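Keep in mind it's a predicted model, so treat the numbers as computed, not measured.
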Amino acid sequence: MNQDSPAPSHGRFPYVPIIDRPKLSWPNGARVALWVIPNIEHFLIDRPSTSLVASTVSLTPDVLNYSWRDYGARVGIWRMMEIMERYGVRGTVALNSDVCSENPRIIEEGLKLAWEYMGHGKNNSSLFTGMEPEVERQQLTEVLDTIAKATGERPRGWLGPALTETNNTLDLLAEAGVDYVCDWVNDEQPYRMETRNGPIYSIPYSLEINDIPAFLGGGYSGESFSEMIKDQFDVLYEDGVNSGRVMSICLHPFLIGHPHRAKHFAKALEHITSRSDVWLATGSEIIDWYKNENSHEDA
């Protein structure tokens, strides 16, 4: 490549450091908008995916790791639901559309809890990479339509499987009427992104306050992950005096749903909800408020 040629640019949004932005205010003067994202996923038995034991990953089927992941749908999600309901926290589910047919009981209970459902691909064994635009458009439409039929509401948000995108994903999501996306983990506030089909908004998601990197990559215990959640919240709570922040807690039932971890997840939520000036929100609620506060961007 010619060393003098310009570096590739995504061209989706300008660089605006957080210290140069107008103050962001949340409802009732809240300092932090908290949203919790349970990733409720379906995995194909003949393909590798997130694993606890590496020695069997190459086997087909890899019963050990497949059944470990399946624990989330059978047991872990129900423990998560009980804990979150206890502290008045609604989930914004990153949902593989295959769950609608494979685990419909989860959809049913989530609706009773007023959880929001956003798109997260068809399953977590298939990533959004290397697709031609027409193929991707068809897959996005299928995912969104399937979730809409199962839940009664078309998803307004999107998280790519393993946070994957093509160069066309944002354009196609905006074309399909999706309002916000979670794949860009680069901020503590929402921001507007440009597409060929109008704006779409990025909402803060986290690879740090996320049980997969913490438990499988970082070797954290349930207790140390809980302390990390509380430390994250405490700093954002102080920063939120000057301008509102978003805190995301990104979870997978096959990890956080185990008793020895769930116990400490509950303690983290107890800590957060014991403070005043915290808005317990869903993804759509956060984006709707942000868009209203920044309506001049669309003028």
Side-chain angles (χ1 to χ4, degrees), residues 16-39 80 83-94 113-116 118 157 159 180 182 184-192 201-215 218 220-252 255-256 261-294:
V16 183
I18 198 165
I19 62 170
D20 293 338
R21 303 173 197 170
K23 180 177 180 178
L24 177 58
S25 299
W26 293 128
N28 301 313
R31 303 185 192 184
V32 176
L34 175 78
W35 73 310
V36 176
I37 307 94
N39 284 244
M80 284 185 68
I83 290 170
M84 291 171 64
E85 184 180 21
R86 188 191 315 167
Y87 293 102
V89 177
R90 290 164 295 146
T92 302
V93 175
L113 296 171
W115 283 17
E116 179 182 345
M118 60 180 177
L159 176 72
Y180 69 93
C182 316
W184 296 67
V185 291
N186 56 358
D187 218 305
E188 293 173 0
Q189 295 177 338
Y191 61 87
R192 172 173 165 151
Y201 288 81
S202 176
I203 188 171
Y205 190 79
S206 181
L207 294 184
E208 300 272 342
I209 308 302
N210 187 314
D211 54 3
I212 284 183
F215 296 136
Y220 281 68
S221 66
E223 184 175 12
S224 59
F225 184 54
S226 177
E227 290 302 311
M228 185 165 68
I229 293 172
K230 289 187 280 187
D231 288 345
Q232 179 93 344
F233 170 77
D234 288 345
V235 174
L236 292 175
Y237 191 77
E238 293 303 316
D239 290 346
V241 172
N242 299 314
S243 189
R245 296 300 203 269
V246 175
M247 178 170 175
S248 59
I249 304 178
C250 311
L251 303 171
H252 301 76
L255 280 167
I256 201 68
R261 298 190 185 107
K263 167 185 176 180
H264 298 287
F265 172 48
K267 290 180 179 180
L269 290 187
E270 180 181 23
H271 174 80
I272 292 170
T273 57
S274 71
R275 305 294 293 271
S276 60
D277 302 332
V278 179
W279 181 29
L280 307 178
T282 64
S284 289
E285 289 171 347
I286 291 170
I287 291 302
D288 285 345
W289 183 271
Y290 177 82
K291 288 169 67 176
N292 184 64
E293 287 288 295
N294 294 272

How far apart are the C-alpha atoms of Leu255 and Phe225, what are their side-chain angles, what is the distance that settles it, and do they pass the side chain to side chain contact (heavy atoms under 4.5 Å, CB included) test?
CA-CA 12 Å; Leu255 280 167; Phe225 184 54; over 6 Å; no

Is a side-chain donor or acceptor of Thr92 paired with a backbone partner of Gly283 at a separation under 3.5 angstrom?
yes

Counting C-beta onward and ignoring hydrogens, is there a side-chain heavy-atom pair between Val32 and Ile272 closer than 4.5 Å?
no

Evaluate the side chain to side chain contact (heavy atoms under 4.5 Å, CB included) criterion for residues Cys250 and Tyr205: first the C-alpha distance (whole Å), next the side-chain angles of each, then the deciding distance (0.1 Å), finally the verdict.
CA-CA 7 Å; Cys250 311; Tyr205 190 79; 3.3 Å; yes

Which value, rounded to the nearest 0.5 Å, describes the distance between Asn210 atom CG and Ile256 atom CD1?
10.0 Å

Indicate yes or no: does Lys267 engage Glu270 in a salt bridge with an N to O separation below 4.0 Å.
no

Cation-pi, Phe233 ring and Arg275 (6.0 angstrom, 45 degrees)
no

Heavy atoms, side chains only, cut-off 4.5 Å: are Val235 and Asp239 in contact?
yes

What's the verdict on side-chain hydrogen bond (donor to acceptor under 3.5 Å, both in side chains) for Glu293 and Ser25, showing C-alpha distance, side-chain angles and the deciding distance?
CA-CA 8 Å; Glu293 287 288 295; Ser25 299; 4.7 Å; no

Student check: side-chain heavy atoms of Met118 and Cys182 closer than 4.5 Å
yes

Separation between CG of Leu280 and CE of Met84, rounded to the nearest 0.5 Å
10.0 Å

When you measure from the side chain of Arg31 to the backbone N and O of Tyr237, does any donor-acceptor pair fall under 3.5 Å?
yes

Kindly indicate whether the side chain of Glu285, heavy atoms from C-beta on, has any atom under 4.5 Å from the side chain of Arg90.
yes

Ile209 and Met228: side chain to side chain contact (heavy atoms under 4.5 Å, CB included), yes or no, with the steps?
CA-CA 7 Å; Ile209 308 302; Met228 185 165 68; 3.8 Å; yes

Side-chain touch Ser202/Pro190, heavy atoms, less than 4.5 angstrom
no

Check whether any side-chain heavy atom of Asp187 sits under 4.5 Å from a side-chain heavy atom of Ile203, and report yes or no.
no

So which atom in Leu207 and which in Pro213 form the shortest heavy-atom distance, rounded to 0.1 Å?
O-CG, 3.2 Å

Interatomic distance, OG@Ser243 vs NZ@Lys23, rounded to 0.5 Å, equals 7.5 Å

So how far is it from His252 NE2 to Asp211 CG, rounded to the nearest 0.5 Å?
6.0 Å

Side chains of Val246 and Trp26 in contact at under 4.5 Å (non-hydrogen atoms)
yes

Short side-chain to backbone donor-acceptor contact, Asn39 and Ala94, under 3.5 Å
no

d(Ser284 OG, Trp289 CH2) to nearest 0.5 Å is 15.5 Å

Quick one about Tyr191 and Asn186 (side-chain donor to acceptor, distance below 3.5 Å, no hydrogens or angles considered), yes or no?
yes

For the pair Val278 and Thr273, evaluate side chain to side chain contact (heavy atoms under 4.5 Å, CB included) and give the outcome as yes or no after the intermediate values.
CA-CA 7 Å; Val278 179; Thr273 57; over 6 Å; no

Does a sphere of radius 6.0 Å around OH in Tyr87 hold more than 12 heavy atoms from other residues, nucleotides or ligands, not counting ones at 6.0 Å or beyond?
yes

Nearest-0.5 Å distance, CD1 of residue Ile229 to CE of residue Met247:
6.0 Å

Could you go through Glu238 and Arg245, starting from their C-alpha distance and side-chain angles, then the distance that decides it, and tell me whether this counts as salt bridge (Lys or Arg N to Asp or Glu O under 4.0 Å)?
CA-CA 10 Å; Glu238 293 303 316; Arg245 296 300 203 269; over 6 Å; no

Heavy-atom count check: over 12 atoms from other residues, nucleotides or ligands less than 6.0 Å from Asn28 CG?
no

Are any of the side-chain heavy atoms of Val93 and Ile37 separated by less than 4.5 Å?
no

Check: Asn294 side chain, Tyr290 main-chain N or O, donor-acceptor pair, under 3.5 Å:
yes

Looking at every heavy atom in both Asp234 and His271, which two are closest together, and how far apart are they?
OD1-NE2, 2.8 Å

